**Q** 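The structure that follows is given in the form of structure tokens.
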Amino acid sequence: MNSSSNRQRNLGGGVQYIMDYLKRMQAENPAFFYAIQGDNEESTGNIFWASATSRMNYNYFGDTVRVDTAYKTDHYKVPFVTFTGLNHHAQPVLFGCALLLNMSDDSLIWLLQTWLQAMSGRHPVSMITDPDQLIQMAVARVLPETRHRFCKWGIFRETQEKLVHVCQTSPTFYIELKKCVNEVETAEEFESQWAALLERFYVVDNEWLEAMYNAREQWVPVYMRDVFFGELFRVEHSETRNSFFDGFVDASTTIQSFFKQYEQAISGWHEKELKADFDTTNTAPVLKTPSPMEKQAANLYTRRIFMKFQEELVETLANPATKIDCSGTVTTYRVAKFGEEHKAHTVQFNAFEMKANCSCRMFEFSGIICRHVLSVFRAKNVLTLPTEYVLKRWTRNAKSGGGDGMSEHASQLPCNYRESVNVRYNNLRQEAVKFVEEGAKSIHVYNVAMHALQEAAKQVAAAKSKSPGATQGTNFANGSNQENHGGKENQAASYLSMDEREKKICELTAELDRINQRCEVYRANLLTVLRDMEDQKLKLSVKVQNARLTLKE
């Protein structure tokens, strides 16, 4: 694993160009955040910024974060660092950017602290970075509760560089290495295949491979499948870098052309998200089974996530569940694919609570329920997905409500969340996009929509003239948070009343979920009884038929 050097990069006259851009963006939207290390705009210190949209997206999808520092190398003219995640379509989504001119441990600590401040102090569940010792130390200090992992792409890239002679003389070595990392099911299997790989290619004493093995719990997925990383496919992030700005920022990009490319990348990904939203809403997927659960998932998930779920559901046909133990309300099953019994997984199922745990840990790692648990559900006649196995961050409604798509993994939102400018801005934008899409479908709907917009504009203007204070919100300047709450008692009472209503809604929702779970248990038990009755009826019919034949003889 490499260690970043303490070096200074200089952008020359480009610094003023950057500052002009950041100030202009903040003037256009007060929720735009930027900060300079040392707060000295005249120096060439490190610079961080995050748009209102980036900060809003973090509320929905900030459970897992990727920090990409590959652009900071001398190969690139712009020492660019990005914070990204995955949206509900498993597309890259931006959480902030930085120009890291001074690469040192203090700079990295400042960067993570500043980014965390911009994200309202909410720690992610997991973080993926390049394999770098300084980054590792900075994450451990600033985000001690976040599970840190090195990206496989960076590890594989360094392996090709350091073992170029091995890759040239034995072309299959690199393929076998990736297979060992990506396809193993258990830690024991990885260690066994790793040892066999080193012996087969005569690299047992290689220092680089020894360092990789010693750090295996920092980058090999099988060692961290109990933590959410949002990876839907085993080789999804190992073959390519998969950066938000790939194809937009490259080695020839200068600081003068950088922000143009930056905005093009954001616009491009926004268009892809809108297209994915449109496809999910307006086209129906092809169902492959008669299962009510598949139909339910098709209505819940976005298109790409549903396809992954459907793949797991179809695989249950080849992965039968065999009961191996029963202790009270918990039943243990062995699930294996036909012909691959040596790769069996164990599923523990609690029929009363409708909870299942699988040894593959796919749900914990990716947020999608695995074929093994689905096979047990199939055996127990569980016809619909229990709500706890549907992460909101993967659903069509991931951006609805108060950004609780990551509530399964992260802490609650700050109390003033719904009052912040960027939340209101993004909620209105999302609703406006839906309104425009519907309004453009026909001339009649267009006329109705246009009339509604004109009436809404009049009502908004009237509301502004009656209560100008209502439009005030949060202003951010270089990381400072200056919020005008008004301080009136009736406002406090209003907020308290809203909190009480929210609490009551949450309690009723939780009670409804518990009732639904009990209904699922009763339904499953009833189906089991009916099936047993049918079996007994069949057996009795056979006995009666045999008795008749005996009497005839």
Side-chain angles (χ1 to χ4, degrees), residues 1-9 37 46 48 62-76 79-85 95-119 121-162 177 181 187 190 194 206-231 237-238 241-243 365 409-410:
M1 313 302 160
N2 63 44
S3 177
S4 297
S5 60
N6 189 341
R7 64 181 183 276
Q8 179 80 24
R9 298 283 294 275
Q37 190 172 13
N46 298 312
F48 171 84
D63 39 18
T64 185
V65 177
R66 167 80 165 90
V67 183
D68 188 353
T69 56
Y71 294 107
K72 69 178 175 53
T73 63
D74 291 331
H75 181 61
Y76 293 90
F80 191 36
V81 176
T82 63
F83 293 80
T84 60
F95 297 147
C97 302
L99 294 176
L100 207 59
L101 307 178
N102 179 17
M103 192 63 186
S104 65
D105 53 352
D106 289 340
S107 294
L108 290 169
I109 290 171
W110 172 85
L111 175 63
L112 291 177
Q113 289 175 337
T114 304
W115 170 77
L116 192 62
Q117 179 186 358
M119 301 300 125
R122 299 179 65 182
H123 291 224
V125 174
S126 61
M127 178 170 283
I128 304 174
T129 73
D130 294 320
D132 188 293
Q133 292 179 0
L134 288 185
I135 296 176
Q136 183 179 12
M137 289 187 289
V139 172
R141 178 170 172 178
V142 180
L143 303 166
E145 298 179 0
T146 297
R147 187 67 174 271
H148 180 212
R149 167 185 164 193
F150 293 139
C151 74
K152 290 184 291 182
W153 178 83
I155 298 287
F156 289 147
R157 179 196 59 191
E158 285 197 50
T159 299
Q160 286 183 303
E161 294 173 356
K162 294 182 179 294
L177 173 65
V181 172
F190 168 77
W194 182 272
N206 185 274
E207 292 183 3
W208 167 250
L209 292 175
E210 183 178 353
M212 287 177 61
Y213 177 78
N214 291 337
R216 61 192 180 281
E217 294 185 3
Q218 286 288 121
W219 68 281
V220 179
V222 75
Y223 289 97
M224 50 191 73
R225 292 192 67 82
D226 59 331
V227 178
F228 182 80
F229 281 93
E231 292 188 13
H237 296 295
S238 63
R241 186 160 142 224
N242 197 29
S243 169
F365 188 71
H409 305 290

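In this text, all values refer to a predicted model and were calculated from it rather than measured experimentally. Atom set for the values below is all heavy atoms of this structure, side chains included, hydrogens, waters and symmetry mates excluded.
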**Q** Would you please name every residue forming a ring pair (Phe, Tyr, Trp, His ring centres under 6.0 Å) with Phe365, sequence neighbours left out?
**A** Phe229

**Q** Which atoms form the tightest heavy-atom contact between Phe48 and Ala118, and what is the distance?
**A**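 That closest heavy-atom pairing would be CE2-CB, 3.8 Å.
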
**Q** Do Leu143 and His148 make a side-chain contact, defined as non-hydrogen atoms from C-beta onward lying under 4.5 Å apart?
**A**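 The answer is no, as the side chains (C-beta and beyond) never meet within the 4.5 Å cut-off.
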
**Q** Mind running side chain to side chain contact (heavy atoms under 4.5 Å, CB included) on Thr84 and Phe95 for me, showing each step along the way?
**A** CA-CA 5 Å; Thr84 60; Phe95 297 147; 5.6 Å; no

**Q** Test your reading of the model: is there a side-chain donor-acceptor pair from Asp130 to the backbone of Asp132, 3.5 Å cut-off?
**A** no

**Q** Would you mind reporting whether Leu100 and Leu111 have side-chain heavy atoms less than 4.5 Å apart?
**A**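 Of all side-chain heavy-atom pairs linking Leu100 with Leu111, at least one is under 4.5 Å.
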
**Q** Which heavy atom in Tyr223 sits nearest to a heavy atom in Ala187, and how many Å separate them?
**A** CE2-CB, 3.6 Å

**Q** First locate atom CZ of Phe83, then atom CG of Leu112, and finally report the distance between them rounded to the nearest 0.5 Å.
**A**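 Interatomic distance, Phe83 CZ to Leu112 CG, rounded to 0.5 Å: 5.5 Å.
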
**Q** If I take atom CD1 from residue Ile109 and atom CZ from residue Arg141, how far apart are they, to the nearest 0.5 angstrom?
**A** 4.0 Å

**Q** Rounded to the nearest 0.5 Å, what separates atom CH2 in Trp110 from atom CD in Gln117?
**A**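 Reported value, rounded in 0.5 Å steps: 10.0 Å.
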
**Q** Where do Trp115 and Val67 land on the side chain to side chain contact (heavy atoms under 4.5 Å, CB included) test, with the steps shown first?
**A** CA-CA 11 Å; Trp115 170 77; Val67 183; over 6 Å; no

**Q** List the steps and the verdict of side chain to side chain contact (heavy atoms under 4.5 Å, CB included) for Asp226 and Arg147.
**A** CA-CA 10 Å; Asp226 59 331; Arg147 187 67 174 271; 3.6 Å; yes

**Q** In the structure I gave you, are the side-chain heavy atoms of Pro221 and Lys152 within less than 4.5 Å of one another anywhere?
**A** yes

**Q** Can you confirm whether Leu177 sits close enough to Phe156 that some side-chain heavy atom of one is under 4.5 Å from a side-chain heavy atom of the other?
**A**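 Yes, their side chains come closer than 4.5 Å.
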
**Q** For residues Met212 and Val181, determine if any side-chain heavy atom of one lies less than 4.5 Å from a side-chain heavy atom of the other.
**A**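 Contact flag for Met212/Val181 side chains = no.
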
**Q** Please examine the side chains of Thr129 and Phe150, heavy atoms only from C-beta on, and report whether any two atoms are closer than 4.5 Å.
**A**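 Yes; the side chains approach each other to less than 4.5 Å.
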
**Q** Rounded to the nearest 0.5 Å, what separates atom OG1 in Thr114 from atom CD in Gln37?
**A** 7.5 Å

**Q** Atom CG in Asp63, atom OG1 in Thr146: separation rounded to 0.5 Å?
**A** 11.0 Å

**Q** List the steps and the verdict of side chain to side chain contact (heavy atoms under 4.5 Å, CB included) for Val220 and Tyr213.
**A** CA-CA 9 Å; Val220 179; Tyr213 177 78; over 6 Å; no

**Q** Would the number of heavy atoms belonging to other residues, nucleotides or ligands and lying under 6.0 Å from CD of Glu207 be above 12?
**A** no

**Q** Tell me, do Arg149 and Ser126 make a side-chain contact under 4.5 Å, heavy atoms counted?
**A**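 Arg149 vs Ser126: side chains apart.
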
**Q** For the atom pair CG (Asn214) and CZ (Arg216), what is the distance rounded to the nearest 0.5 Å?
**A**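 One gets 7.0 Å once the value is rounded to the nearest 0.5 Å.
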
